[in-house]
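This is the structure I have questions about; it appears just below.
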Amino acid sequence: MDKKIFDLISAEEQRQSEGLELIPSENCVSRGVLDAMGSVFTNKYSEGYPNFAGLDKDDDYVVVATSEDYRYYGGQQNTDKVERLAIARARRLFHADHANVQPHSGAQANNAVYNAWLEPGDTVLGMDLAQGGHLTHGAKVTQSAQIYNFVSYGTDPKTGDLDYEDIEAKAKKYRPKIILVGYSAFMKVPDFARIAKIAKDIPDCLLMADMAHVAGLIAGGVHPNPLDFGFNVMTTTTHKTLRGPRGGLILTKGKVSNPLKKPEHTLENIPTLIDRSVFPGTQGGPLMHVIAAKAVAFYEAEQPEFKEYAKNIVKNAKVLADALKERGFKLVGDGTDNHLILVDMMASFKVDGKTYERALDKIGLTLNANAIPNDTMPRFTPSGVRLGTPAITSRGLNEKDMVKIADWMETIAKICAEKRQDGVTEGRLREEVRKMALAHPLPSAR
Ligand code: DSN
């Protein structure tokens, strides 16, 4: 009926099929996830929550009738089961006592945690956006930064790793109500045990991990899980390495109780404080079609193939990082321990990240310009680019393909450095990228 949008969807499908997605926060989902998102659950309002009884066992409990639910509308026979399934699967995947599957996004998830635990003016210790943190971790332009007092830590410029001494010193000085770990442009593995130790001496300090980038690696068993190290809360998006629909998720440790009754403000009660903060605190009706798609993604992440997938993401990232280094690219942190690579393009080829991002776009390789720690370049034309392997690994690319991608990236970097774009080499590379991409269809098209 709407030809314009239909044509744009077709064009986007073609763009994705014929190109290679290197943005580390993107992925390509299965047909099952897409179908659930496009289902009639989009028609349903389900404000409130299902009953949580029985969720500590297994999926079979979703068919058990419960004596009460916490919904504000009728007709929840199927939505309750969908949400209970999603919660049960998320809990198992991430070793959590409870899961809230309703946040519409990662930003909503983070804001709901702040709102659950903090009073206006309370202090949060998190990583600076300019060092690789996230907007919602206290960037001045955000609403939460106007409500709460964010204090930032950074990375050690020599190693690219977290500056743990800085974290410890600031935790002692500011006695934050939340210590927040989790990043958007970080290629090391945080030492969760060390940070949990730092928080131990601070009364009522909530340990929060925003694992949006690495949730799929955690689910696949190739990255430590902060909830195994004494963290109280883990937030994540569901669409990055976890390969689900766009959306948010909050996993908690503690006691689960009736969300209609306000519990005491204790760390133990954080699951229910957060449920109440998501709805009605910061959101209205949940997106049940998206929750159904989250449940499908969690099911997929529980399968043995997902462990293999997570392993291959990291393996491909290491091979790509090494191949780039051999070709003169200077990497922040000198490599990667996860799915993500941050390249200092100015130090490597005297080319800014935006120029390089646009040049690669023309040959069908998509990544994003990104600031490097302590960047002196303007925000929109930063020194670096950020790339990663979750999406290309979903399409089945292997180590040999990573070396080929590094070759293409080197050729384009040199063309940019010498300012000699004439379109001829680019045209040839565009065809080579297209050929590799079409040989590895999107999972939803298989
Ligand atoms: N926008 C996401 C990313 O690209 O890392 C973070 O939310």
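Whatever order the structure lists them in is the order used to number ligands and atoms, beginning at 1.
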inquiry  = I'd like to check which ligand 1 atoms, numbered from 1 as shown, lie under 4.0 Å from a non-hydrogen atom of Ser184.
reply    =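 Those atoms are 5 (O), 6 (C).
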inquiry  = Using the ring centroid of each side chain, check whether Tyr153 and Tyr164 are separated by less than 6.0 Å.
reply    =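 For Tyr153 and Tyr164, the ring centres are not under 6.0 Å apart.
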message = Nearest non-hydrogen contact with atom 2 (C) of ligand 1 belongs to which option: Glu26, His239, Lys240?
response =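 Minimum heavy-atom distance to atom 2 (C) of ligand 1 goes to Lys240.
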ask   = Parallel, tilted or perpendicular: which fits the ring planes of Phe192 and Phe229, with parallel below 30° and perpendicular above 60°?
value =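 The rings of Phe192 and Phe229 sit tilted, inter-plane angle from 30° to 60°.
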key: Atom indices of ligand 1, in the order listed, that fall short of 4.0 Å to a heavy atom of His213   =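 Listed by number with element, the hits are 3 (C), 5 (O).
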request  = Examine the proximity of ligand 1 to Arg386 and report which part, side chain or backbone, both or neither, has a heavy atom under 4.0 Å away.
outcome  =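 Contact part for Arg386 vs ligand 1: side chain (C-beta onward).
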inquiry  = Can you tell whether the side chains of Lys414 and Glu410 come within less than 4.0 Å, N to carboxylate O?
reply    =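 Looking at Glu410 together with Lys414, the answer is yes, because their closest N to O distance falls below 4.0 Å.
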query = Does atom 4 (O) of ligand 1 have a protein heavy-atom neighbour under 4.0 Å away?
reply =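 So atom 4 (O) of ligand 1 has protein heavy-atom neighbours under 4.0 Å.
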ask   = In terms of atom number and element, which parts of ligand 1 are under 4.0 angstrom from non-hydrogen atoms of His134?
value =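 In order of number, 6 (C), 7 (O).
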message = Side chains of Asn312 and Thr393: any donor to acceptor distance under 3.5 Å?
response =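 No - no donor-acceptor pair under 3.5 Å links their side chains.
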message = List ligand 1 atoms under 4.0 Å from Ser25, heavy atoms only on the residue side.
response =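 Answer for ligand 1: 3 (C), 4 (O), 5 (O).
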ask   = Is there a side chain to side chain contact (heavy atoms under 4.5 Å, CB included) between Leu429 and Thr411 once you walk through the steps?
value = CA-CA 9 Å; Leu429 296 197; Thr411 305; 4.0 Å; yes
key: Ser394 side-chain N/O to Pro390 backbone N/O, donor-acceptor pair under 3.5 Å   =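 Yes, Ser394 side chain to Pro390 backbone: donor-acceptor pair under 3.5 Å.
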